[in-house]
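Just so we're on the same page: letters track the sequence lines, and every chain starts at 1.
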Amino acid sequence: MLAKLKSYALDGLNGYAVDVELDVNSGVPGYELVGLASTATKESKERVRSAIKNSGYNYPAKRITINLAPADTKKEGPFFDVAIAVGMLIATGQLESNLYKQFVFIGELSLDGKLRSVHGIMPLLISAMQRGEKRFIIPAVNASEASFIAGIEVYAMDTLRDVIDFLSGVVYQPVEISDFKSKCVEHGYGVDFSDVKGQTVAKRALEIAVAGGHNALMIGPPGAGKTMLAKCVPTIMPQMSFEEAIEVTKIHSVAGILDSSIGIVTTRPFRTPHHTTTVPALVGGGNKATPGEVSLAHGGVLFLDEMPEYTRHALETLRQPLEDRKVTVARVLRTVEYPANFMLIASMNPCPCGNYGSKENVCTCTPQQIHHYVNKLSGPLMDRIDLQIEVDNITYEELRGGGETESSEQIKKRVDAARAIQRERYKGLDILTNAEMNAKEMDKYCQIDADSERLLEKAFEKLGLSARGTTRILKVARTIADLEGSENIKSTHIAEAIQYRGIDRKYHL
Amino acid sequence: MKTLTSADRTALALQCVEELANRKKQSLLDALKDVGKPLLEKAVVTKTLGEENAAKFFKAYESLDDYVAKLDALGIDCVSIYSDAYPQRLLDIDDSPIMLFAKGNIALLKTDMIAVVGTRRPTRYGIKVAEEFTREFAHAGLTVASGLARGLDGVAHRACVQQGAPTVAVLACGLDICYPPEHASLLEGILSSGGLVISEYMLGAKPLQYHFPERNRIISGLSRAVLIPEAARKSGSLITARLAIEQGKDVFVVPGNIFSPESEGSNALLREMPHALAIMPEDVLDCLHISHDSSPAEDKSVELDIFETQIVDALHDGEKHFEDLIAATGMTVSALNNVLINLQLKGVVDDIGGNFYALA
């Protein structure tokens, strides 16, 4: 007998429909699965057989042919186990109901007949919904992830037995829609800027960075708290909208790092790839073309600790995502595009030994070593980093028992206000923040008066700023003006922006 | 380029024999009855230099024009020991180089020079001392000579270039090589601000280790005095100091931090010869009997607004951290950032790293 069921498989961040066709015939017992199945997909044979037997059904000793259509697309992953098992029971007459035709089946089976979670439920359901599918059967573990998609009916099942019962007419309740807002309140960041004592300069600089969407580099000795500061950055970024959260969740779901108990990403991501990271791990790739760290940081912060320690190749590959805000991962058989709109925060020691410019310790590096170290950061990459922040390791709570420190909430209010001004200004343009301005837009929105002009000139002369720094200074000054609610860029804004070009000022050895 | 005299040509050909020590070359020049016509005294040459080197010398002498053309193309002048441009001070030392290659403003060779040399790994303190003294020297009309080395040498040259004062760099390699390579732009700056680069080495000569002490004798030899702002225990500037003393020049040493290894050399030198102590540029200038306007009012009287005055007052008793300044003045972070940048631009305050600030 023949059975045909609907399932979905992943291609990057999108799902595509896969028809699972089963033909069970008399003849020499055998099993054939066609349709460019990968190993994980092919191995469904053993899982399905055990699951069927252990759920109390019979596995047919017949000639079984399974086709995964379309036949010319490579099928990755164990999405089709449930569809195959259900199809087998239909084709052998163990399930007599036509209800199954209304459903899309997604799920992996374990040997005892339980439904195991699969990656990428959110993108699969969304793609299927866009193609008009309404009703789904998925593993119970993935229920919370599905609960954020309105307009479809999702049944989350524990076992194959439940699935068969349901298809035979037993009533089950579909997954209830969850509220995104309340989830956000429930699952916060766990860190706050008020936990960071001292570091006023760095905090102010990071506030500016977030307000204008600027990338930032922190320079300071080991143990100065650079990582802690960076971790707090997402807490002052604007609240994620539901749409943003869905986009981020899709990526995390495909990568398999989604917390299935929450089912959606409620906080802006903070990713810290180690400096030994490979290029595919950073930008995405592998033979499955999985998303890399830059995409996992989409909507949040990518923190590169000890930036000069990364391989030059890895750093250079960051240029495309920083420019285009997405990455294209090309593999032999397919090309996948992942969004990668992140804020880059990097940190570095002032020199290989970490003591250059320190008051207490003597730096043992030679000028060449320092030069070489700083030079690892190529010009084009540095051109994407607007703020250079000096962080020191003076522990101020020890000195004065910690005074009043602002909470992330207070800082966020100012950031939100500045972002609102930018949204208003760039209405109708393709950009959202000051950092994204191109030369033309800068001409229009970064006008400065004669006073500021003089100040800039003097700064070049006296502080040894590099010419390529001007653009950065103007953009940052624009953000500082926005934070102050000032329509025009004043010389005071320029002056503050100059403060955040530490490397330019100090490393012209 | 001026045509070379016959004596110049002999000196140049002799310089081409790179294996020979300078003293040996001098002794040949002394032995020749007519320096301009070495070919007439082949026996003397062979006897003094040995056969192998004599052959090299004659060969170089014959193909001299090619070499001169090469120098010409690079804009390099030859100043031989017989040349009018050769500075008297250098003639007076024991081991005067028989030939100097020079690029830039040759007239500087005849000016009053002072050498500023020091550690290759200066501390902030050393850099500040070198800058301050160099500026004052240049202001008083002295030409500052140094070795273009990493560290304080570079600082001294740069300080001159920044105020448009001519400076002399003595290299330990051929003039077609820039060592250290990162000073290429500084070298250009020296030339474009009317300075001079000299070396006794042939084109293409690498900066070999033994070149450096040889080079140092020229630096001290050219100068009336040598100033050492900061020197570590094994610093090459100590060699310069020793050479300078042997040459009968004045040596001045600025005391350093007693805890810093980068000052060990200069402090040890001071213990040996306490009279070398210099704690301000005027100490040196007075000793050399060079007149200087007793600290001209310059543009020291910068106008400060009320906030800037507040900061300057707060910094009077020493360097302060950014947070301390906030505590002391009650300004907001952005306001303080602002005032600090303005003060830096006015040259009143220095950002000394690690978010610390101090009066300049």
Side-chain angles (χ1 to χ4, degrees), chain A residues 197-205 207-208 219-221 224 350 356-360 362-368 370-371 375 389-394 396 399-400 403 454-455 457-459 461-464 480 483-484 490-502 505-506 508-509, chain B residues 119-125 127 149-155 158 162 180-183 185-186 232 257 259-263 307 318-327 331-358 360:
Chain A
K197 304 286 181 229
Q199 304 292 11
T200 348
V201 192
K203 283 192 213 166
R204 163 77 180 167
E207 173 185 337
I208 297 168
I219 309 130
Y356 180 67
S358 158
K359 313 202 70 58
E360 284 90 30
V362 181
C363 168
T364 55
C365 309
T366 62
Q368 295 105 297
I370 298 176
H371 194 76
N375 256 23
I389 310 163
E390 193 162 345
V391 183
D392 56 72
N393 57 356
I394 307 291
Y396 265 80
L399 290 184
R400 59 169 69 95
R454 260 199 305 282
L455 182 72
E457 249 168 54
K458 220 164 157 194
E461 203 178 295
K462 279 241 173 183
L463 305 178
I480 297 172
L483 273 171
E484 217 173 74
K490 294 186 202 140
S491 62
T492 53
H493 306 141
I494 299 268
E496 195 181 352
I498 294 172
Q499 273 285 59
Y500 305 122
R501 298 302 295 173
R505 297 210 319 262
K506 295 196 185 103
H508 46 93
L509 294 165
Chain B
T119 176
R120 275 160 211 243
R121 295 213 322 228
T123 60
R124 270 194 47 77
Y125 168 78
I127 293 177
R150 297 191 174 101
L152 289 185
D153 285 20
V155 171
R158 197 172 281 119
Q162 270 166 3
E182 62 262 34
H183 279 174
S185 61
L186 176 60
N257 185 339
F259 300 113
S260 160
E262 296 305 324
S263 299
F307 299 112
E319 59 199 37
K320 286 241 161 64
H321 191 268
F322 194 91
E323 314 262 341
D324 285 325
L325 290 175
I326 290 189
M331 289 186 198
T332 64
V333 183
S334 77
L336 183 57
N337 262 325
N338 219 316
V339 176
L340 282 172
I341 270 292
N342 279 320
L343 283 171
Q344 285 175 62
L345 291 177
K346 285 179 179 169
V348 181
V349 166
D350 268 347
D351 174 357
I352 57 174
N355 291 325
F356 275 92
Y357 294 84

Checklist outcome for this item: So, the part of A/Ile494 with a heavy atom under 4.5 Å from chain B: the answer is neither
Checklist entry - Quick one: CG on B/Asn337 to CD1 on A/Ile498, what's the gap to the nearest 0.5 Å? => result 11.0 Å
Item to check | For B/Ser334, the option from A/His493, A/Glu496, A/Glu207, A/Gln499 that meets side-chain contact (heavy atoms from CB on, under 4.5 Å) | outcome: A/Glu496
Checklist outcome for this item: One should read off an interatomic distance between A/Ile480 CD1 and B/Asn338 CG, to the nearest 0.5 angstrom, of 8.5 Å
Next on the checklist: To check you understand the geometry: which heavy-atom pair defines the closest contact between B/Ile341 and A/Ala495, and what is its length?
Outcome noted: CG1-O, 3.3 Å
Next on the checklist: For B/Phe307, I'd like to know if atom CZ has over 12 heavy atoms of other residues, nucleotides or ligands within 6.0 Å.
Outcome noted: no
Checklist entry - To the nearest 0.5 Å, what is the distance between CZ (A/Arg204) and CZ (B/Phe322)? => result 9.5 Å
Next on the checklist: Just so I understand: if I count every heavy-atom pair under 4.5 Å between each of A/Thr492, A/Ile208, A/Leu455 and chain B, which residue has the most?
Outcome noted: A/Thr492
Item to check | Beyond-backbone contact of B/Leu336 with A/Thr200, side-chain heavy atoms, under 4.5 angstrom | outcome: no
